[in-house]
Amino acid sequence: MSAKKVAKSFKYAIEGILFAVKTQRNMRIHLLVTIIVVLLGTYLSLSTTEWAVILFSIALVISMELLNTAIEKTIDLVTSEYHEFAKIAKNVAAAAVLISAFNAIVVGLLVFYDKLNKLVKPLMGIESTIEAIILGLLGVGVILLILKLVINGGE
Ligand SMILES: Nc1ncnc2c1ncn2[C@@H]1O[C@H](COP(=O)(O)OP(=O)(O)OP(=O)(O)O)[C@@H](O)[C@H]1O
């Protein structure tokens with residue numbers, strides 16, 4: 001393949017990424033979460049192996065979202081009418097995103113839970129793990145609310 005062809009392939013792929021970011025709300029959520037996770041990982045000095053699994057999980061979610069968008073667009077091109085197969089194809093593609101996102105959450109908990117626990121417990125004077133979990137869930141709730149406000153512009 002010539003250098004010109006390689007450059008063109010990159011250009012098309014970047015156009016695809018930009019399209020997904022502009023049109024897909026979930027893609028913007030994935031990117032925001034990615035930024036937060038990378039900042040947190042840097043602050044907590046993750047090991048090489050921890051970075052490898054975190055970055056792999058992030059890439060998997062983003063790739064699945066891109067494929068989901070491609071499948072949605074292909075189906076919309078084929079039919080704008082209600083069709084059982086269109087429904088199945090879109091639902092199955094969405095399920096692939098869900099599985100990868102669920103995997104990313106589990107990987108994130110495995111990597112970050114102990115580190116955050118050690119960091120947050122002494123800072124907030126928390127004694128029990130239950131207290132830490134309740135506070136953690138409240139924190140996640142607040143972060144999700146902020147993300148929703150940022151992404152929807154307060155709608
Ligand atoms: N042509 C269709 N026939 C039958 N069911 C459909 C069809 N298009 C969409 N659906 C159903 O509606 C759901 C949502 O479809 P839609 O295309 O709005 O996806 P979306 O995830 O909301 O995408 P977008 O991010 O583009 O808004 C699908 O998962 C599917 O169950």
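Just so you know, ligand 1 is whichever comes first in the structure, and atom 1 is the first atom listed for that ligand.
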Tell me which pairs pass ring-ring contact (aromatic ring centres under 6.0 Å, His included) where either residue lies in residues 66-87, with sequence neighbours left out. His83-Phe85
Measure from the side-chain N and O atoms of Ser9 to the backbone N and O of Lys5, and report whether any donor-acceptor pair falls under 3.5 Å. yes
Output for ligand 1, non-hydrogen cut-off under 4.0 Å, lists Gln24, Glu72, Glu81, Tyr82, His83, Ala86, Lys87, Lys90, Asn91
Sorted by first residue and then second, give each ring-ring contact (aromatic ring centres under 6.0 Å, His included) pair with at least one member in residues 23-73; sequence neighbours left out. none
Look only at the side chain of Glu50 and the backbone of Ser47, and say whether a donor-acceptor pair between them is shorter than 3.5 Å. yes
Considering only distance and modelled atom types, tabulate donor-acceptor pairs under 3.5 Å from the side chains of residues 95-111, sequence neighbours left out.
unit_1, atom_1, unit_2, atom_2, d
Ser100, OG, Ala96, O, 3.4
Ser100, OG, Val97, O, 2.8

Under 4.5 Å between side-chain heavy atoms, counting indirect links through other Ile/Leu/Val/Met/Phe/Trp/Tyr residues: same cluster for Met27 and Ile71 or not? no
